[in-house]
Amino acid sequence: MLHCRLVRSTAAHARIVAVRTDEAAALPGVVAAVTGADLAARGDMAVLFGPVMLDQPVLAIDVVRYIGEPVVAVLAEDPAVADDAAALVQVDYDHLPAVFDAEEAFGSDTVRLFAEPPERDPSFADVTLRADHERNVCNTFTVVKGDVEAGFRAADLVFDDVFDSPAAGAVPLETHAVVADARGDRLTVWSSTQTPYITRRQLALQFGLPLNRVRVVVPALGGGFGAKAYASVEPIAAALSRVAVAPVRLYLTREEEFVTSTKHAMRVRIRTGVMRDGRIVAREATAYYNAGAYAVISPRKVMFAGYGLNGPYAIPHVRIEAHAVLTNTPPAGAYRGFAINQAAWAYEGQLDMIAERLGLDPVEIRRINLLRDGDAFCTGETLEHLRFHDLLDGVAERIGWDPDEPAHRDGDLVRAKGVSCVIEGTITPSTSTASVRINPDGSIDVLTSSVEMGQGIRPALAATVARRLGVDPALVGVSYVDTDLTPYDQQTTASRSMYSMGTAMGRAADDALDKIRELASDLLEVDPADLEIVGGQVRVAGVEQQGLPLSEVVRRSRVGNVIGEGTLVTAGGLDPFTGQGIGSVHWHQSVGAAEIEVDTATGHVRLLRYTGGVFAGEVIDPVGAEHQCEGCLVFGVGNALMEELVFDQGQLVTGTLADYMVPTLEDMPREHAFELMEDLEHGEVHGLGEPALPPIAPAIANALYRATGVRIRSLPISAEKVLRGLQEQRGSQQLSEAATVGVTT
Amino acid sequence: MSGLEELPDDPEAVKMPDADDRVPVRLGVNGRARTLRVRPTQTLLDALREQLRLHGARSGCGVGMCGACTVLLDGRAASGCLTLAALCDGTEVRTVEGLESPSGELSRVQEAFLRHRAFQCSYCTSGFVLALEALLAVDPAPGETAIREAFSGHICRCGSYSRIMGAALEVAGAADRREQA
């Protein structure tokens, strides 16, 4: 097996003038040093890829668009030799003007990332593109409800604020890793992907192969959190395997991981019109999501952002526009809380500023505006089974919310509480298929292409099938993913698996039971309609008798195994110019309450306690659900207080875990609790991977606001920003005191 | 470490190996004597994974910040990614694979992690387990503060900290005397 080491661009935006690989290739042990031009010259593979737009080169050709972009791949038997050889490659660049900020890049006169519009991949049903390469835009999504100008005219007060979220890293502890074997007429990749079937399609397109000659095998992942969705390292390893006619292994260093997929930096201008009684009557928002140098999934992200910026409130007049803008920074991809973290950071922060101005309690202003059953959302959908008010009451009670409670002071330390509410969709339309096999010994095979990455989908699916079949979960074995063997699943993202795959799997189990009933009816010479299956036993309904175990039905009927199949296909989609249609098959409802302590001498903020409330529908695996919520808390604390990918002219300067801090045990609150609200009557399972996350950062910021009056508008809430806010506050107090003095004398 | 102790006093007499030279290292790994030939720049983590095929210690950051590569070096927790294999001559290394008893029984720390389901993706788990094993070796009944200190260099990005602490406190017998935060 050959090891691949990538030589990455040191220029943010440049024409490649020359690439010298001779010295590297001559190093003993080096098998090849390959450039993008080398791949293009072969003519036997596509050299551009991307899930929505075919814009990303496997290895850079002619132009580099961000610092860290793969330019040359070096192959050697020994990884250390590949490392040494990579250092010998020289690339000359002719630098071009570069842009790093999304708002600046939007319609920039000086920087354009693509001279020609990239080709589009037609496969994504729910992503309708309004791309405009002349303005560095890879999609725009607009939501219009009512008449927003009329709404603002009617409003007593209009609030106009700008909020920023920085790029961040998902930081799965295991970095991207892939082994590709393109020998013969097939391609096999063992990959750490969250999207096996999309990756298979992308690789089939790259090499002009039918889908069934590309095999994607996915073992358990060391975390994903969105960063491992869509092909990234796989096209490189596969191309090199074809070049070298040998299996090729590529795994990323931590620094490479940081520049492979990021959370979108985002800036939004949000205007909200309210009445004096606290009712929100109009909202207008313009958001710029920094897509980085390539589109990846940003075109879909702005759709989530479009309705996401409405928030969980009944607002009669809405106009939201979200742009995905290309810049000379690493590609931004999927990330836990997909576009909603940035939206909630803005609208929930602004809502507390509105409440303060109106003299309203932050909990009360939310109660006034939260969506209720029968309300029309900004997409035109009428929402039902909403529990926002119950969820908010729950967190308010658990945190000990008291509208009249003053901030607690103890010397420099000030404590206070904050709340936040968020609505989030899941990917719609969406398709999952599943198989359940009942073996003659009574054990059960569950075949799924949902990726296990620590979120616990395998134990949750085992529980689902065991419950349907009435057997011990220990009898159920759940597969890992192998596209040669496990049936189609769209992707393991968007908190969709427990709903989408879980439903398909339940149907597969039911299908297996139908077949068992048919077989048993032959064996027992009874009409299938007269048979019931209870606790893994088949028996004649209403007759006291020994049941026939499922295993015995399989054995005695000599069918080998009984295979049940299930599919879930959801429909929907939104018009990209109006945002009207079906945004989500169901809506995630999430609230949070935080108690923080800020040291006014240092600006340091600590999260003391946190409680969340999430609508779960039905909890399948309580421990797994608890894990997902605590995982959201790790991301929330990190996003709120610590995490930021800092770039200097496009160069990442926080590229190691010594510079980019993520929460350890000591950064976590000593107390946390989540309520997972069930509604078995309307029994629809909601995924829990993300919903708990978006309220956390705004709840912390709102608590800081109540503690100090300092409003932080750009994440993270660093000690430096808090201290500066406190100083400005003192400065303006002194100024106003001086002014008062001036008037009286 | 013994690899350094054997250096002669006169620095001029030391022949520095080239980067490609291999250095012999004799060490115990999980109770078994092994001899490896390693590059002078090779980390212990790399030697364990690539030469001995022991995959329990994992690379997470390469700079000693995440704890995923933790191994026991003469009983003490150490970052495999910061330890040069060539300097491990004469040491006893234990990885998570070496915690089982000869009859295949898991250690009580491992049992507790399983019982508490104190992991999600489990990439960090061997590091946390070994950190606790190292602590228990010097303090059989550590309190919560000592456990938190032992875990301070370990990242669980999935967020299983509560259950990790639950498992650790149970093993430490400290569950009933939790210290106040």
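Values below: all heavy atoms of this structure, side chains included; hydrogens, waters and symmetry mates excluded.
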Side chain, backbone, both or neither: which part of [X] has a heavy atom under 4.5 Å from chain B?
| X | result |
| --- | --- |
| Glu626(A) | side chain |
| Ala658(A) | both |
| Met453(A) | backbone |

Do the side chains of Val63(B) and Arg254(A) get nearer than 4.5 Å, heavy atoms only?
->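 No, their side chains stay 4.5 Å or more apart.
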Check whether any side-chain N or O of Glu174(A) sits under 3.5 Å from a backbone N or O of Tyr123(B) as a donor-acceptor pair, and report yes or no.
-> no
Does a salt bridge link Arg163(B) with Glu630(A), judged by any charged N lying under 4.0 Å from a carboxylate O?
->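 Looking at Glu630(A) together with Arg163(B), the answer is no, because their closest N to O distance does not fall below 4.0 Å.
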Any Lys/Arg nitrogen of Arg157(B) or Glu643(A) sitting under 4.0 Å from an Asp/Glu carboxylate oxygen of the other?
-> yes
Could you have a look at [options] and say which one has the most heavy-atom pairs with chain B under 4.5 angstrom?
| options | result |
| --- | --- |
| Leu665(A), Thr175(A), Thr664(A) | Leu665(A) |
| Leu633(A), Asp78(A), Leu173(A), Leu657(A) | Leu173(A) |
| Gly631(A), Ala220(A), Gly638(A) | Gly631(A) |
| Val634(A), Val662(A), Val623(A), Thr656(A) | Val623(A) |

Determine whether more than 12 heavy atoms belonging to other residues, nucleotides or ligands lie under 6.0 Å from atom [atom1] of [X].
| X | atom1 | result |
| --- | --- | --- |
| Arg606(A) | CZ | no |
| Glu100(B) | CD | yes |
| Glu92(B) | CD | yes |

Contact class of Ser162(B) relative to chain A, heavy atoms under 4.5 angstrom | both
Residues in residues 49-60 of chain B near chain A [non-hydrogen atoms, under 4.5 Å] | Glu50(B), Ser59(B), Gly60(B)
At what distance, to the nearest 0.5 angstrom, does CE of Met165(B) lie from CZ of Arg670(A)?
->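 The CE atom of Met165(B) sits 7.5 Å away from the CZ atom of Arg670(A).
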Mind checking the SG-NE2 spacing from Cys158(B) to His627(A)? Nearest 0.5 Å is all I need.
->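 So the SG of Cys158(B) and the NE2 of His627(A) are separated by 9.0 Å.
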Write down the atom of [X], the atom of [Y], and the distance for their closest heavy-atom approach.
| X | Y | answer |
| --- | --- | --- |
| Gln120(B) | Gly454(A) | CB-O, 3.0 Å |
| Tyr161(B) | Pro663(A) | OH-O, 2.7 Å |
| Leu221(A) | Cys121(B) | O-CB, 3.4 Å |

Which is it for Asp83(A) and Arg39(B) under the salt bridge (charged side-chain N to carboxylate O under 4.0 Å, His left out) test, yes or no, and what are the steps along the way?
-> CA-CA 14 Å; Asp83(A) 286 347; Arg39(B) 290 185 313 279; over 6 Å; no
From the list Gln42(B), His154(B), Met65(B), Arg117(B), the residue making the most non-hydrogen contacts under 4.5 Å with chain A is Arg117(B)
